[in-house]
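Here is the structure we will look at, set down as structure tokens.
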Amino acid sequence: MAVSLLTKYAADFVAPHEVEAIAPQVAAAHATLHQGTGLGSGYLGWLDLPIHYDREEFARIQQAADWIQQNAQVLIVIGIGGSYLGARAAIELLRSPQYNCIKKNTPDIYYAGNSISPTHLSEILEICEGKDIAVNVISKSGTTTEPALAFRVFRDLLEKKYGKEGAKKRIFATTDKAKGTLKELSDREGYATFVIPDDVGGRYSVLTAVGLLPIAVAGADIAALMEGAAAAREAYMDFDMEKNDVDRYAAYRNILYRKGRSTELLVSYEPAFTMMNEWWKQLFGESEGKDNKGLFPASVVFSTDLHSMGQFIQEGSRVMFETVVQFKEPRKDFFIPDDPENLDGLNFLSGQNMSIVNRRAFEGTVLAHTQGGVPNLVLEVKDTHEFAVGWLIYFFEKPCGISGYLLGVNPFNQPGVESYKKNMFALLGKPGYEEMRAALEARLQK
């Protein structure tokens with residue numbers, strides 16, 4: 001097992017009979033997911049994706065990544081939400097959060113179209129000056145405001161720099177297989193295209209072309225990533241409350257939720273996991289947060305955030321539990337030297353690897369927090385290499401679906417995100433929103 005769930009630090013908060021009581025509900029949710037009989041069943045493509053993905057497209061992804069590596073110094077990934085979070089999270093965990101600064105033979109990667117900040121866009125454009133660039137634009141429709149605006153700018157930049165013929169070789173579109181503005185434009189202009197499957201929602205799409213192309217450009221082994229996800233799929237196929245960690249994780253988090261623990265705090269002791277936190281927050285927040293239900297997904301990186309959030313976690317309101325992602329083998333280690341003067345008083349650490357200190361920080365923290373009244377679940381992950389990361393991605397995706405069904409919501413839609421879009425379109429003067437705009441302007445004046 002590349003990922004293992006430890007529940008011993010939640011034993012004082014979840015009794016065995018509570019796990020036994022919820023087991024039939026988890027079994028039913030597990031079956032609903034696999035049988036495709038629940039809400040949102042048209043979006044279950046991710047469930048068997050690790051073994052049923054398009055091999056021909058996978059080969060084209062690898063070929064495109066090779067071309068970008070050889071012909072571009074910078075790749076701009078244009079997308080928002082699930083269209084970029086998974087790729088960025090995987091790249092930073094597999095390579096480095098300082099990926100653009102480390103020595104490498106792959107292009108720098110920057111992310112655009114994930115905000116409407118003019119400053120952010122302008123700075124990326126400045127970074128691109130004098131460099132060969134390629135663009136991977138990711139959008140199912142091609143009309144989502146943030147990425148569409150960014151693509152308009154970068155498409156114009158590429159055409160002015162390389163001409164239309166040169167530009168089309170440097171634009172890679174990941175979009176719908178048959179319809180939509182971006183697909184129509186790509187076919188007309190001759191851009192290379194990759195498919196966002198109809199049955200895989202954005203937040204579950206990291207193991208499709210959406211995530212795989214940028215991840216491959218960064219030099220990661222996407223075949224090993226898929227192998228890890230496939231192994232996880234096999235490991236978690238059958239319901240088993242004692243052996244299936246996906247079922248156990250879904251059970252424990254829902255038991256705690258029903259006991260008033262309304263916030264789940266994802267914890268890691270690796271800064272490289274920071275963007276994985278963000279991907280996880282979208283995955284669970286967008287899947288569960290409906291009908292006034294759902295755990296609020298929050299995150300921290302320790303030991304850094306122990307110096308800012310540690311006080312609240314230890315002694316604040318008892319509304320949370322922690323899920324700690326602990327990597328057993330660091331990608332790199334550091335030997336702590338001796339200081340003859342011992343000015344900092346830390347010579348008791350001399351001769352040790354820093355990974356041991358990091359592990360002791362985890363152990364000391366989990367003991368303090370549980371003693372302070374905060375339940376802890378621990379996910380032990382073998383390492384930060386592709387196989388284990390692919391396994392971990394699938395590990396989180398599956399209990400997210402199961403938990404949604406336990407809550408009685410559709411874990412595969414996101415109706416609430418449309419409200420702000422309609423208001424924004426109206427206030428910006430989009431045709432067809434005139435009456436709505438007048439009403440919103442009046443509300444703003446009050």
task: Evaluate the criterion side chain to side chain contact (heavy atoms under 4.5 Å, CB included) for residue pair R233 and D48; output intermediate values, then yes/no.
output: CA-CA 7 Å; R233 173 191 171 276; D48 294 323; 2.8 Å; yes
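- For the pair Q326/L379, no side-chain contact is recorded, criterion being any heavy-atom separation below 4.5 Å from C-beta on.
- Distance CD1/I80 to OG/S139: 10.0 Å, rounded to 0.5 Å.
- A cation-pi arrangement is present between K104 and Y99, with the terminal nitrogen or guanidinium carbon under 6.0 Å from the aromatic centre and inside a 45° cone about the axis.
- Shown here for A229 and L207, the closest heavy-atom pair between the two residues is CB-CD1, 3.5 Å.
- Enclosure of atom NZ in K8 is not indicated, since only 12 or fewer non-hydrogen atoms of other residues, nucleotides or ligands lie within 6.0 angstrom.
- By the neighbour-count criterion of 12 heavy atoms within 6.0 Å, atom CZ of R258 is densely surrounded, having more than that number from other residues, nucleotides or ligands.
- Using modelled atom types, one side-chain atom of S115 and one backbone atom of S117 make a donor-acceptor pair closer than 3.5 Å.
- Taking the six-membered ring wherever Trp is involved, the centroid distance between the rings of F395 and Y249 falls below 6.0 Å.
- Side-chain polar atoms of R253 and T323 form no donor-acceptor pair below 3.5 angstrom.
- Under the 3.5 Å distance criterion, with hydrogens and angles disregarded, a donor-acceptor pair is assigned to the side chains of K281 and S299.
- Separation of atoms CG (L265) and CZ (F312) is listed at 10.0 Å; rounding is to 0.5 Å.
- Relative orientation of the H30 and H34 rings is parallel, given thresholds of 30° and 60° on the angle between their planes.
- Remark: the backbone N or O of V409 is not paired with any side-chain donor or acceptor of K293 at under 3.5 angstrom.
- For the 3.5 Å distance criterion, the side chains of S268 and N277 fail to qualify, holding no donor opposite an acceptor.
- Here CD of Q282 is found 7.0 Å from CZ of R203. Values are rounded to the nearest 0.5 Å.
- For Y43, the OH atom sits in a loose shell: 12 or fewer heavy atoms of surrounding residues, nucleotides or ligands are nearer than 6.0 Å.
- Distance alone, capped at 3.5 Å, is enough to place a donor-acceptor pair between the D221 side chain and the A223 backbone.
- Using the six-membered ring where Trp is involved, Y53 and F58 have ring planes that are tilted, between 30° and 60° apart.
- In this pair, F194 and F172 present their aromatic rings parallel. The plane angle is below 30°, not in the 30 to 60° band.
- Ring to ring, F284 and W280 are close: their centroids are under 6.0 angstrom apart.
- Identified under the salt bridge (charged side-chain N to carboxylate O under 4.0 Å, His left out) test for residues 57-77, with sequence neighbours left out: E56-R60, E57-R60.
- Atom NZ of K328 has 12 or fewer heavy atoms from other residues, nucleotides or ligands within 6.0 Å.
- In terms of modelled atom types and a separation under 3.5 Å, the side chain of D247 and the main chain of D240 share a donor-acceptor contact.
- Side chains of S4 and D245: a donor-acceptor N/O pair is absent below 3.5 angstrom, by distance only.
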Pair R331-D383, salt bridge (Lys or Arg N to Asp or Glu O under 4.0 Å): steps then yes or no: CA-CA 7 Å; R331 181 174 292 274; D383 53 42; over 6 Å; no
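- Remark: of the listed residues K169, R170, R155, R155 is the sole one forming a side-chain hydrogen bond (donor to acceptor under 3.5 Å, both in side chains) with Y191.
- At most 12 non-hydrogen atoms from other residues, nucleotides or ligands lie less than 6.0 angstrom from NZ of K243.
- Under a 3.5 Å cut-off, the side chain of N136 and the backbone N or O of I76 do not form any donor-acceptor pair.
- There is a side-chain donor-acceptor pair under 3.5 Å between W391 and Y236.
- Within 6.0 Å of CD on Q352 lie more than 12 heavy atoms contributed by other residues, nucleotides or ligands.
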field: From CA spacing to verdict: salt bridge (Lys or Arg N to Asp or Glu O under 4.0 Å), R248, E242
entry: CA-CA 7 Å; R248 293 173 63 228; E242 293 185 4; over 6 Å; no
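- We find that R359 and E329 are not joined by a salt bridge, their nearest charged nitrogen and carboxylate oxygen being 4.0 Å or further apart.
- Note that the CD1 atom of I78 and the OH atom of Y110 stand 15.0 Å from one another [nearest 0.5 Å].
- T370 and N376 form no side-chain donor-acceptor contact under 3.5 Å, judged by distance and modelled atom types alone.
- Side-chain atoms of N347 and S350 include a donor-acceptor pair closer than 3.5 Å.
- Ring orientation note: the planes of F412 and Y405 are nearly perpendicular, at an angle over 60° on the 30°/60° scale.
- Taking every heavy atom of both residues into account, P411 and G401 meet most closely at CG-O, 3.8 Å.
- M354 CE to I336 CD1: the interatomic distance, rounded to the nearest 0.5 Å, is 5.0 Å.
- When every heavy atom of K183 is checked against every heavy atom of A178, the shortest pair comes out as CG-C, 3.9 Å.
- Atom-to-atom distance recorded for L182:CG and D176:CG is 9.5 Å, nearest 0.5 angstrom.
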